[in-house]
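Since the model is a prediction, treat every value here as computed from it, not as a measurement.
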Amino acid sequence: MKSAKNINHIRHAKKHAKNINQSDTRRSGFWREISAPLFILILIPAFCLRNSRYISDQTRSWLNQIQIVEDLSGQGDFSAAFDTLSDSYQDWLTARTYLHIVCRHDAVDNAEELYRRCLYLAAPDNNN
């Protein structure tokens, strides 16, 4: 009789272990299925934050450069103001393609048009 109880106990333990293994397999399959979408959902906000930081830093840099141009032209140093404006425009051109990807096209085009107008007006042959 004891051996029958032991056998039933062993069978029950094996069945329980089998259920635990199946449960673990189902759980690991679940995590395997959602890991890629979860990774993408984490990656998207990270990219957005990185992009926002980059755009803010670049904008601050261009504003500082334009402020220097304004100060130089206010002091009458038009040659240095033109050179600084040219450098700022070249800096702008390096980011233009990326800005067209992540920003509204009309905003990027308007900013570039303003740069070109300023460069035309600040050109040494226009300052008599």
Side-chain angles (χ1 to χ4, degrees):
M1 187 99 168
K2 280 188 174 183
S3 63
K5 284 184 179 180
N6 286 340
I7 290 173
N8 284 337
H9 184 53
I10 291 171
R11 284 183 187 157
H12 179 70
K14 285 182 180 178
K15 186 177 179 182
H16 183 69
K18 184 177 179 183
N19 288 340
I20 289 174
N21 288 338
Q22 287 176 348
S23 176
D24 288 346
T25 302
R26 275 185 255 139
R27 254 187 252 135
S28 67
F30 169 75
W31 285 110
R32 198 173 317 130
E33 289 176 12
I34 70 162
S35 63
L38 189 61
F39 177 72
I40 290 170
L41 287 175
I42 291 170
L43 195 62
I44 289 171
F47 171 76
C48 290
L49 290 172
R50 168 68 175 96
N51 180 59
S52 175
R53 177 70 183 251
Y54 173 77
I55 297 295
S56 295
D57 290 348
Q58 285 296 111
T59 302
R60 195 174 305 109
S61 172
W62 294 318
L63 287 173
N64 289 338
Q65 292 168 347
I66 297 302
Q67 183 62 50
I68 292 169
V69 170
E70 186 177 349
D71 293 344
L72 289 170
S73 62
Q75 297 168 5
D77 193 352
F78 298 111
S79 177
F82 179 76
D83 292 341
T84 304
L85 184 61
S86 295
D87 292 344
S88 181
Y89 181 61
Q90 290 303 316
D91 188 28
W92 164 264
L93 289 177
T94 61
R96 181 179 58 181
T97 301
Y98 181 75
L99 293 172
H100 268 288
I101 293 169
V102 298
C103 297
R104 290 185 9 239
H105 289 282
D106 59 335
V108 175
D109 293 340
N110 288 342
E112 185 168 2
E113 181 62 28
L114 286 173
Y115 260 116
R116 288 183 181 178
R117 286 181 185 180
C118 289
L119 284 168
Y120 174 77
L121 293 173
D125 47 333
N126 287 339
N127 293 316
N128 295 325

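- Of all non-hydrogen atoms in Ser86 and Leu119, the two that sit nearest each other are OG-CD2, 3.6 Å.
- Contact between Tyr98 and Ile55 at its shortest, heavy atoms only, is CE2-CD1, 4.3 Å.
- The line from CG of Leu38 to CG of Leu43 is 11.0 Å long, rounded to the nearest 0.5 Å.
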> Yes or no on side-chain contact (heavy atoms from CB on, under 4.5 Å) for Leu99 and Gln58, after CA distance, side-chain angles and deciding distance?
Replying inline: CA-CA 10 Å; Leu99 293 172; Gln58 285 296 111; over 6 Å; no

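- Looking only at side-chain heavy atoms (C-beta outward), Arg96 and Val108 come within less than 4.5 Å of each other.
- In this structure, Ser56 contributes its side chain and Arg53 its backbone to no donor-acceptor pair below 3.5 Å.
- Looking at Gln67 and Asp71, their side chains do bring a donor and an acceptor atom within 3.5 Å of each other.
- Leu93 and Phe82 fall within the same hydrophobic cluster, defined by Ile, Leu, Val, Met, Phe, Trp and Tyr side-chain heavy atoms under 4.5 Å apart, directly or through other members.
- One distance of note links CD1 of Ile34 with CD1 of Ile40; it measures 12.5 Å at 0.5 Å rounding.
- Smallest separation of non-hydrogen atoms from Tyr115 and Ser88: OH-OG, 2.5 Å.
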> Yes or no on side-chain contact (heavy atoms from CB on, under 4.5 Å) for Glu112 and Tyr89, after CA distance, side-chain angles and deciding distance?
Replying inline: CA-CA 8 Å; Glu112 185 168 2; Tyr89 181 61; 3.2 Å; yes

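- Rounding to the nearest 0.5 Å places CG of Leu49 at 12.0 Å from CD1 of Ile44.
- Grouping the Ile, Leu, Val, Met, Phe, Trp and Tyr side chains by contacts below 4.5 angstrom, directly or via other members, places Trp31 apart from Phe39.
- For Asp77 (side chain) and Ser73 (main-chain N/O), no donor-acceptor pair under 3.5 Å exists by modelled atom type.
- A pairwise comparison of heavy atoms in Asp91 and Ser61 identifies OD2-OG, 3.9 Å as the closest pair.
- Taken from CH2 in Trp62 to CD1 in Ile66, the straight-line distance is 10.5 Å, to the nearest 0.5 Å.
- Residues Thr84 and Leu72 share a closest heavy-atom pair of OG1-CD1, 3.6 Å.
- One finds the CZ atom of Phe78 at 12.0 Å from the CG atom of Leu121 (value rounded to the nearest 0.5 Å).
- No single ILVMFWY cluster, assembled from side-chain heavy atoms under 4.5 Å apart, contains both Trp92 and Ile68.
- Here CZ of Arg104 is found 11.0 Å from CG of Asp109. Values are rounded to the nearest 0.5 Å.
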